[in-house]
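Accompanying notes for the structure given below.
The chains referred to below are lettered A, B, ... by the order of the sequence lines, with proteins before strands, and numbering in each begins at 1.
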Amino acid sequence: MKKLDESLLLRLPPFSQLSRAQIRKILDQAQTKRLDEGGSFFSEGEEATRFYLLLDGHIRVIKTTPAGDQIIVLHIAAGQLFGIAAALGHSLYPATAQAAAESLALSWPMPLLQEFSAIYQGFATENYKVVGARMQEMQSRISEMATQQVEQRVATALLRLTNQAGRKTDEGIEIDFPITRQDISEMTGTTLHTVSRLLSGWEKQGIILSTRKRIVIVEAHQLVRISDNLT
DNA sequence: ACATTAATTATGT
DNA sequence: ACATAATTAATGT
């Protein structure tokens, strides 16, 4: 196991107020795990033994409905903790954490989550903020499903993705991990066909650019218009 | 307004 | 050459 640089954590919200010595101690208890695209850090229903911090890459959090279809609940960007929702309730992971791109994460035994919160000031509050924000996001998406139409939903989904994983290019803002139409359909509760039609339509209008597993938003304001519009 | 089915084409290893 | 992704049209609820 190689040495990890303390400056890695220093900039991240959960650790930003900690001293170098404190971070060193935390790092020494961490395990690193690297996954290729498609690999899982943990799966829904497993015993929640560890919590994670994503250093690089992107994670999609997947739930499987009783009917058997997959739903992408949310995405995790680098620098965020995940696998911590279970700590505030049950002992099983509520969802699967799958690498949307090659990803690198640190992990600690679950008991340390409480320990860190108790010892290091600011750690707990930061985590509650993160969990709270995610709960809100999930809730707002549930109400979206009920109220908005498909076209608006995938527009907002794209916008959310650019906010969480947007990378500026000369053409526009690219979603910087591989994403298929199937993925987007699982985020928005539609079919890949509908997503495909919408995206190719938008591409013809110059709102987006897309090749396989890659989407660039050219005119975000147009998506905003679609997302909160009455046809 | 959207899903489903199915057939066809494009794209990446 | 093969598997996976994307498009497109036709038909169904």
Side-chain angles (χ1 to χ4, degrees), chain A residues 33-44 56-78 95-104 137-231:
Chain A
K33 186 163 189 173
R34 196 210 135 255
L35 287 182
D36 288 324
E37 178 180 350
S40 304
F41 285 97
F42 52 80
S43 296
E44 182 174 359
D56 191 30
H58 277 277
I59 302 292
R60 51 171 168 251
V61 178
I62 302 172
K63 278 202 135 212
T64 305
T65 72
D69 358 83
Q70 303 213 119
I71 295 184
I72 297 180
V73 180
L74 51 84
H75 284 86
I76 309 275
T96 296
Q98 188 182 54
E102 184 180 15
S103 295
L104 180 67
E137 184 183 328
M138 289 193 240
Q139 194 176 351
S140 69
R141 284 187 36 183
I142 291 172
S143 75
E144 279 171 22
M145 296 278 200
T147 59
Q148 299 184 157
Q149 312 201 144
V150 171
E151 189 178 24
Q152 312 180 278
R153 276 185 267 151
V154 326
T156 57
L158 283 186
L159 288 171
R160 213 174 339 239
L161 283 170
T162 59
N163 285 334
Q164 292 164 0
R167 195 194 54 185
K168 281 216 66 173
T169 70
D170 30 336
E171 301 167 311
I173 305 166
E174 176 177 1
I175 297 167
D176 80 336
F177 61 85
I179 185 159
T180 66
R181 282 126 226 266
Q182 171 93 36
D183 290 331
I184 297 176
S185 73
E186 286 172 5
M187 300 176 57
T188 53
T190 354
T191 64
L192 69 156
H193 308 267
T194 303
V195 174
S196 177
R197 281 189 212 98
L198 288 171
L199 292 199
S200 23
W202 292 342
E203 179 152 28
K204 271 168 197 162
Q205 298 173 54
I207 300 175
I208 66 166
L209 288 173
S210 181
T211 59
R212 127 182 309 225
K213 290 190 176 187
R214 177 174 168 274
I215 299 174
V216 180
I217 278 73
V218 181
E219 300 186 3
H221 57 279
Q222 293 282 9
L223 285 183
V224 173
R225 183 185 56 77
I226 295 171
S227 69
D228 48 39
N229 208 15
L230 28 145
T231 79

Inset, instruction - Indicate yes or no: does A:Asp170 engage A:Lys168 in a salt bridge with an N to O separation below 4.0 Å. - result: no
Shorter than 3.5 Å, N or O on both sides, protein versus nucleotides 3-5 of chain B: list them out with atom names.
from, atom 1, to, atom 2, distance (Å)
B:dA3, OP2, A:Thr194, OG1, 2.7
B:dT4, O4, A:Arg197, NH2, 3.2
B:dT5, O4, A:His193, ND1, 3.4

Inset, instruction - Taking all heavy atoms of A:Gln70 and all of A:Thr64, pick out the closest pair and write down the distance. - result: OE1-OG1, 4.2 Å
Inset, instruction - Round to a whole Å and report the spacing from CD of A:Glu151 to C1' of B:dC2. - result: 12 Å
Inset, instruction - Step by step, work out the side-chain contact (heavy atoms from CB on, under 4.5 Å) result for A:Glu137 and A:Arg160. - result: CA-CA 10 Å; A:Glu137 184 183 328; A:Arg160 213 174 339 239; 3.4 Å; yes
Legend entry - All side-chain contact (heavy atoms from CB on, under 4.5 Å) counterparts of A:Val150, not counting sequence neighbours: A:Arg153, A:Val154, A:Thr190, A:Thr194, A:Leu198
Inset, instruction - Drop me the distance from A:Glu186's CD to A:Ile179's CD1, to the nearest 0.5 angstrom. - result: 10.0 Å
Inset, instruction - Calculate, to the nearest 0.5 Å, the distance between atoms CG and CD belonging to A:Leu209 and A:Glu219 respectively. - result: 10.0 Å
Legend entry - Start and end of chain A contact along DNA chain C [non-hydrogen atoms, under 4.0 Å]: C:dT4 to C:dA10
Legend entry - Side-chain touch A:Ile215/A:Ile184, heavy atoms, less than 4.5 angstrom: yes
Inset, instruction - Select base, sugar-phosphate, or nothing to describe what A:Thr180 touches, counting heavy atoms under 4.0 Å on all strands. - result: sugar-phosphate
Inset, instruction - Using a 4.0 Å heavy-atom cut-off across all strands, classify A:Arg181 as base, sugar-phosphate, or nothing. - result: sugar-phosphate
Legend entry - Donor-acceptor pair, side chain of A:Ser103 and main chain of A:His58, under 3.5 angstrom: yes
